[in-house]
Amino acid sequence: MSESPLIEVEGLRFSRGETEIFRGLDMVVPRGKITAIMGPSGTGKTTLLKLIGGQLAPDAGRVRIAGEDVHALSRKALFRLRRRMGMLFQSGALFSDLDVFENVAFPLRVHTDLPESMVRDLVLMKLQAVGLRGARALMPSELSGGMARRVALARAIALDPELILYDEPFVGQDPISMGVLVQLIRRLNDALGLTAVVVSHDIKETLSIADYVYVIADGRVMAQGTPQSLDVDRDPRVSQFIHGEPDGPVPFHYPARDFYDDLLGTGGPR
Amino acid sequence: MKRSKTMELGVGLFMLAGILGLLFLALRVSGLSLEPPGDDFHLEANFANVGGLKPRARVTMAGVTVGRVESIDFDPEWYDARVVLTLDDELEDKLPEDSTAAILTSGLLGEQYVGLSVGGAPNTLADGDRIRDTQSALVLEELIQQFVSNMAKE
Amino acid sequence: MTALIRRLGRLGCDLTEGLGQATLLLVQSAVGAPSGEGVRLWLRQMYFVGVLSLAIVLVSGLFIGMVLGLQGYTILVDFGAEDALGQMVALSLLRELAPVVAALLFAGRAGSALTAEIGLMKATEQLTSMEMIGVDPLRRVVAPRLWAGFVALPLLTIGFGVIGIWGGELVGVKWLGVFEGSYWGNMQASVAFVDDVLNGLIKSLVFALVVTWIAVYQGYALVPTSEGIARATTRTVVYASLAVLGLDFVLTALMFGGLS
């Protein structure tokens with residue numbers, strides 16, 4: 001890490017209602033690398049992406065992107081900063097009233113004054129990169145889940161951002177499209193020198209492309225390191241998560257009173 | 001882009017229909033005329049009692065609506081009511097000087113309006129002139145009172 | 001007891017917060033110079049909100065006008081005043097029925113659709129993704145819909161009034177035999193453009209603002225699940241209808257009630 005990191009998260013605290021989701025999270029995302037953020041469901045990984053993107057404001061702590069404090073920016077400056085980021089949403093989030101071509105062209109049309117012929121060339125290039133140049137006239141409702149996510153990826157890279165945030169890119173994909181996506185993310189990174197943040201709980205796929213991994217649990221960073229070092233980590237919680245063991249320090253059962261007491265209706269109140 | 005063309009056409013027709021509808025409401029329903037207001041023909045008439053006459057009530061001749069009541073206010077000089085009538089300007093300089101105005105009631109419970117009847121004098125009324133010969137509104141209570149006192153005398 | 005008071009307090013806080021957010025939404029989306037792109041988006045929404053509501057509004061207007069003609073005739077003929085039918089039909093339509101019924105229909109037809117559409121965009125993260133692309137969804141999604149509703153409902157109200165008056169004529173004049181001249185003549189003598197037609201339109205503008213605002217806000221602020229969308233859609237229709245009827249009383253009192 002010779003260069004300054006692209007994203008710095010310091011002492012981040014955030015709560016939703018009564019529940020505290022983050023209690024002092026620190027994290028550094030280096031430039032040009034794929035950083036994975038992993039953790040069990042419900043640990044607020046998507047919330048973290050929203051905090052980085054400036055859609056939510058933290059209770060305390062700071063998020064800096066390229067030296068700029070995201071939550072201290074004016075609305076206008078924040079929108080300017082977001083032009084340098086792309087985000088891939090869990091559902092793809094394609095605009096349902098526009099076809100594939102217009103979806104990818106959308107960021108170009110709103111942020112640039114390029115002539116129509118150049119917009120067309122750029123869109124076709126991005127669609128070619130995700131292998132869907134032939135699907136340009138389809139509406140989002142006609143796409144499969146994997147295709148929709150690839151179109152969304154093309155849209156996310158339309159403005160050639162420095163940073164891409166992937167929110168659960170592998171969820172609900174069949175093995176083939178999962179493989180395609182894994183390859184695409186890796187290739188985009190190598191070819192364009194992007195910085196990527198991947199939020200996921202698909203361990204195998206994520207570990208295969210990530211350069212550095214953060215595992216978060218209980219609102220803090222539980223473990224961090226390269227995929228290799230995590231694989232041999234001795235911490236039982238880390239090892240349970242990485243190797244996908246059903247029971248361990250993270251219990252299989254939701255907290256409840258004793259099973260036999262519950263069945264027989266004996267014992268103290270809940 | 002064909003779909004957007006039909007859409008534009010639809011919205012255009014919709015808005016045109018709305019504007020035409022407003023025009024219809026203005027001209028046909030509320031009887032608004034597009035003529036400049038300066039061309040109006042006004043007459044004044046003083047009544048001892050206007051009863052329930054309201055501004056905007058009809059002014060008729062031979063049962064045909066020829067104008068409306070513009071304003072009603074109290075005339076402190078004569079202690080009676082001064083009514084300004086706005087009439088069709090084609091009647092300007094056509095009504096004889098000794099025409100009369102009466103406040104009439106349409107039906108038993110209907111609204112009150114002004115009825116004009118034509119006299120026979122050679123001179124005609126011009127804009128802003130006053131109708132001298134007027135007949136006040138019939139006030140039901142006064143009629144009853146007269147009737148009762150006549151009964152008592154007998 | 002304290003729990004009850006606390007609940008009341010929380011209700012008050014939630015209410016104030018909601019109102020504040022809704023006002024913020026209105027101001028942020030409606031204020032700002034329109035662009036060429038904005039006009040195109042507005043046109044599109046005019047089609048969905050206005051043109052597609054035209055059929056239901058016109059059909060309802062026709063029937064209400066016909067019913068007014070029939071009911072008015074049976075009452076007026078007892079007093080020998082059936083000549084005043086045109087006046088009665090036109091005044092009740094222009095002052096009350098056209099603005100109110102058109103607004104209620106609009107809330108059901110267009111308002112619920114707006115809520116569901118924006119809610120669905122929220123649930124499928126389209127609004128968030130728009131924000132991340134650096135486009136303000138308030139300007140791009142909410143503003144064209146607000147303005148379209150604001151323009152469309154008064155136009156629909158005019159349509160309702162016109163076709164209602166025609167429906168009254170159909171029944172009163174063509175069927176029941178009221179003299180055509182007195183139908184229109186009485187109407188023209190008693191309907192004033194400013195007092196009746198324009199006041200009706202002002203009512204309609206107020207309703208348009210309130211109904212669209214409620215619809216858009218409910219869509220924008222809903223819980224992004226299928227249940228949340230269903231609830232918000234219902235809420236739009238209920239709140240918008242209540243608001244229209246309540247405001248109608250206030251506006252009527254101000255315009256025709258002699259309060260000044």
Side-chain angles (χ1 to χ4, degrees), chain B residues 1-35 37 53-71 85-88 105-115, chain C residues 39-40 42-54 58 61 76 78-84 86-87 89-91 93-94 98 148 151-166 169 181-182 184-198 200-201:
Chain B
M1 288 288 111
K2 192 161 175 289
R3 217 180 43 177
S4 136
K5 276 264 165 56
T6 54
M7 200 177 278
E8 280 174 12
L9 194 71
V11 175
L13 285 176
F14 173 53
M15 294 183 68
L16 196 70
I19 292 163
L20 286 179
L22 187 63
L23 223 61
F24 172 81
L25 290 184
L27 299 179
R28 190 76 208 270
V29 174
S30 65
L32 196 75
S33 78
L34 292 177
E35 286 158 32
L53 191 72
K54 298 264 163 47
R56 298 204 300 106
R58 283 183 298 153
V59 177
T60 65
M61 278 184 76
V64 180
T65 304
V66 294
R68 57 182 65 223
V69 172
E70 185 69 37
S71 65
L85 311 174
T86 307
L87 304 179
D88 293 350
T105 308
S106 59
L108 188 60
L109 301 166
E111 58 178 333
Q112 290 187 307
Y113 63 98
V114 177
Chain C
V39 170
R40 213 180 52 78
W42 171 80
L43 205 75
R44 203 183 144 82
Q45 290 308 319
M46 275 296 283
Y47 181 78
F48 287 122
V49 165
V51 177
L52 295 185
S53 307
L54 202 57
L58 289 189
L76 291 173
D78 287 348
F79 302 98
E82 69 268 26
D83 282 352
Q87 164 183 0
V89 170
L91 283 184
L93 273 173
L94 295 176
V151 176
L153 182 53
L155 290 176
L156 291 170
T157 302
I158 293 172
F160 190 103
V162 169
I163 205 159
I165 288 169
W166 182 69
E169 192 207 355
S182 49
W184 292 107
N186 253 316
M187 193 187 293
Q188 287 184 6
S190 56
V191 175
F193 185 68
V194 176
D195 288 356
D196 301 318
V197 180
L198 280 192
L201 277 184

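In what follows, every chain begins at residue 1, and chains take the letters A, B, ... in the order their sequences are listed. Quick caveat: nothing in here was measured; it's all calculated off a predicted structure.
At least one side-chain heavy atom of B/Leu22 sits under 4.5 Å from a side-chain heavy atom of C/Val197. With contacts defined as side-chain heavy-atom distances shorter than 4.5 Å, the pair B/Phe14/C/Leu156 qualifies. In this structure, B/Arg28 and C/Met187 have side chains that are not in contact, with every pair of non-hydrogen atoms separated by 4.5 Å or more. Between B/Leu13 and C/Val51, every side-chain heavy-atom pair lies at or beyond the 4.5 Å cut-off. Between C/Met46 and B/Met7 there is no side-chain heavy-atom pair separated by less than 4.5 Å.
For C/Thr157, no part lies under 4.5 angstrom from a heavy atom of chain B. Only the side chain of C/Leu201 comes within less than 4.5 Å of a heavy atom of chain B; its backbone N, CA, C and O stay farther away. In this structure, chain B has heavy atoms under 4.5 Å from both the backbone and the side chain of C/Leu43. C/Asp83 does not touch chain B: none of its heavy atoms, backbone or side chain, sits under 4.5 Å away. For C/Leu94, the part lying under 4.5 angstrom from a heavy atom of chain B is the side chain only. Proximity to chain B is absent for every atom of C/Trp166, based on heavy atoms less than 4.5 angstrom apart.
The CD atom of B/Glu8 sits 9.0 Å away from the CZ atom of C/Arg40 when rounded to the nearest 0.5 Å. Annotation: the span from B/Leu20 atom CG to C/Ile158 atom CD1 amounts to 10.0 Å, rounded to 0.5 Å. Atom CG of B/Leu25 is separated from atom CG of C/Asp196 by 10.5 Å, given to the nearest 0.5 angstrom.
Pairing each heavy atom of C/Gln188 with each of B/Leu27, the nearest pair is NE2-O, 4.0 Å.
With chain B as the partner, the residue from C/Ala90, C/Gly50, C/Ala84, C/Gly159 showing the most heavy-atom pairs under 4.5 Å is C/Gly50.
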